[in-house]
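What follows is a single structure, written as structure tokens, with notes after it.
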Amino acid sequence: RGLFNPDRTVIEPTKTYFLQDNWIQNTDLTIFTGANKINDNPTTYTWGPGSSPNKNEIQNAAAHFTYGKPALGGSATDLWCIFAGDRMVTNGSSYIDFEFLHKPLLMTGTTSGGFTSDGIHGGRTVGDLLITIEFVQGGGAATVVIRKWEAVGAGYEYVVHPNSEFIGEIFMTNNTATTTVPFDAYGGNTYVVNQWAEGAINLTQVLGIGTDPCYAISTLFIRTRSSGSSAQSELKDFPGAPIQLDLGLIPNAPGATTGERCGPGAVSFTATGCTETGSVLKWYSSATSTTPLFTGNPYNVEITETTSSG
């Protein structure tokens, strides 16, 4: 089924996001002001109204989160993000970032301001992900570059990871013919060749979400920047505030029935409320124990003897 209602609003607003920005000269309300570098702490970034170079101007961007379909060869526990963006002109090199952050990143101010972040590693969290659509020197085809936030020397920065690490987990394409769209595209409704690109990434596999039951993706930040590989690459335009996500990745805490018995025999403990796909129940002797007594549900215990105090 489609992602949009007839009035162009999204059907599932916690899974689908469509951002549109002003693009006419000096009417863009959200551009980066000052020197904001890709590896800088995001709490130092500033924004306000203005205009960006045409090659860095973005009007439309989108993201949709969904799980794999077994009928199509996917895994029902793999979370995918489909992402897309455009650029105003096709001459020159253009770069569109899709930044997936573990901790919330929020925009402050009304007509200008900055950003706040809960990230503790240089304003981000080690393992945060940066996906970049690159149109190099105009380019006949868009490419995708993957970076992860890592400790480097005494600080932190985004480090490129080769696409060969993620075969089958990330895809990219761009429009190869004039394309008509049902929304405004720089005053019209068509894109020329190589003006729009879209991709998909398996976040579960690339981020290792399945290995950490408390993993969360809190923010998606879409923006453009001036160049590709340089750590001095400056952020330019963004089509809206960082998107605050509620993807339900952290399972609800389960409840448990208590079991009681006076004397030898069987006691059964049952957990409820833990129904998320892929959830695994583990039983412990105390809240601070790290070694499970049992995995599964219910937990059956056989009492062979009793003791008393007096």
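Keep in mind it's a predicted model, so treat the numbers as computed, not measured. Side chains are part of it too, since the values below use all heavy atoms of this structure and drop only hydrogens, waters and symmetry mates.
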- Message: Taking side chain to side chain donor-acceptor pair (under 3.5 Å) as the criterion, tell me which of Thr179, Thr178, Asn60 meets it with Tyr191.
- Response: Asn60
- Query: Minimum heavy-atom separation for Ala61 to Pro239, with atom names?
  - Reply: CB-CG, 4.1 Å
- Remaining members of Val145's ILVMFWY cluster at a side-chain heavy-atom cut-off under 4.5 Å? Val160
- Remaining members of Phe171's ILVMFWY cluster at a side-chain heavy-atom cut-off under 4.5 Å? Trp80
- Residue Lys103 excluded, over 12 heavy atoms near NZ under 6.0 Å: no
- Item | Smallest separation among heavy atoms of Thr204 and Thr77, with atom names | OG1-O, 3.5 Å
- Query: Given side chains that start at C-beta, do those of Arg87 and Asn194 come closer than 4.5 Å, heavy atoms only?
  - Reply: yes
- Decide yes or no for Leu245 and Ser218: does some side-chain heavy atom of the first lie under 4.5 Å from some side-chain heavy atom of the second? no
- Query: Given side chains that start at C-beta, do those of Leu129 and Ile201 come closer than 4.5 Å, heavy atoms only?
  - Reply: yes
- Message: Please tell me whether Ser93 and Glu134 have a donor and an acceptor in their side chains that are separated by less than 3.5 angstrom.
- Response: no
- Quick one: do Phe183 and Phe18 satisfy ring-ring contact (aromatic ring centres under 6.0 Å, His included)? Show the steps, please. CA-CA 11 Å; Phe183 49 81; Phe18 181 59; 5.1 Å; yes
- Message: Main chain of Glu57, side chain of Gln59: is a donor-acceptor contact present, judged purely on distance under 3.5 Å?
- Response: no
- Which ILVMFWY residues are connected to Leu235, directly or by a chain of links, through side-chain heavy atoms under 4.5 Å apart? Phe32, Ile38, Tyr45, Trp47, Leu101, Leu105, Met107, Phe115, Val126, Leu130, Trp149, Tyr156, Tyr158, Phe221, Phe238
- Message: Any side-chain to backbone donor/acceptor pair from Asn297 onto Ala271? Under 3.5 Å, distance only.
- Response: yes
- Query: Counting only N and O atoms by type, is there a donor-acceptor contact under 3.5 Å from the side chain of Thr219 to the main-chain atoms of Gln244?
  - Reply: no
- What is the minimum heavy-atom distance between Asp40 and Ala35, and which atoms define it? OD2-O, 4.0 Å
- Note on the structure: dist Ile222:CD1 -> Ile96:CD1 (nearest 0.5 Å) comes out at 9.0 Å
- Message: So which atom in Thr27 and which in Asn22 form the shortest heavy-atom distance, rounded to 0.1 Å?
- Response: O-ND2, 3.1 Å
- Query: Distance from Asp118 atom CG to Thr43 atom OG1, nearest 0.5 Å?
  - Reply: 11.0 Å
- Task: Give a yes or no on whether the backbone of Ala266 and the side-chain of Asn300 come within a donor-acceptor separation of less than 3.5 Å.
- Result: no
- Task: Please check if Ile217 and Phe166 belong to a single hydrophobic cluster, counting links between Ile, Leu, Val, Met, Phe, Trp and Tyr side chain heavy atoms closer than 4.5 Å.
- Result: yes
- Query: Going by heavy atoms in the side chains, are Thr132 and Phe98 under 4.5 Å from each other?
  - Reply: no
- Task: Taking the side chain as every heavy atom from C-beta outward, state whether Phe100 and Asp128 have any atom pair closer than 4.5 Å.
- Result: no
- Can you establish whether the number of heavy atoms outside Leu293 located under 6.0 Å from its atom CG is more than 12? yes
- Query: Taking side chain as C-beta onward, heavy atoms only, is Val159 less than 4.5 Å from Val152?
  - Reply: yes
- Query: Within a strict 4.5 Å, meaning less than it, do heavy atoms of the Val301 and Phe269 side chains meet?
  - Reply: yes
- Query: Atom CD in Glu12, atom OG1 in Thr66: separation rounded to 0.5 Å?
  - Reply: 8.0 Å
- For Ala197 and Met172, work out which heavy atoms get closest and say how close. CB-SD, 4.2 Å
- Exercise: identify the closest heavy-atom pair between Lys236 and Ser226: CE-CB, 3.8 Å
- Walk me through it: do Asn36 and Glu234 pass the test side-chain hydrogen bond (donor to acceptor under 3.5 Å, both in side chains)? CA-CA 5 Å; Asn36 304 278; Glu234 290 192 8; over 6 Å; no
- Looking only at side chains, do Ser51 and Gln25 share a donor and an acceptor under 3.5 Å apart? yes
- Any chance the side chains of Glu150 and His161 put a donor and an acceptor closer than 3.5 Å? yes
- Lys15 atom NZ, neighbour heavy-atom count above 12 within 6.0 Å: no
- Looking only at atom types and distance, does a side-chain atom of Asn202 sit under 3.5 Å from a main-chain N or O of Asp78, one as donor and one as acceptor? no
- Query: Would you call Arg124 and Glu99 a salt bridge, taking side-chain N to carboxylate O under 4.0 Å as the test?
  - Reply: yes
- Salt-bridge criterion met for Asp97 and Arg225 (N-O under 4.0 Å): yes
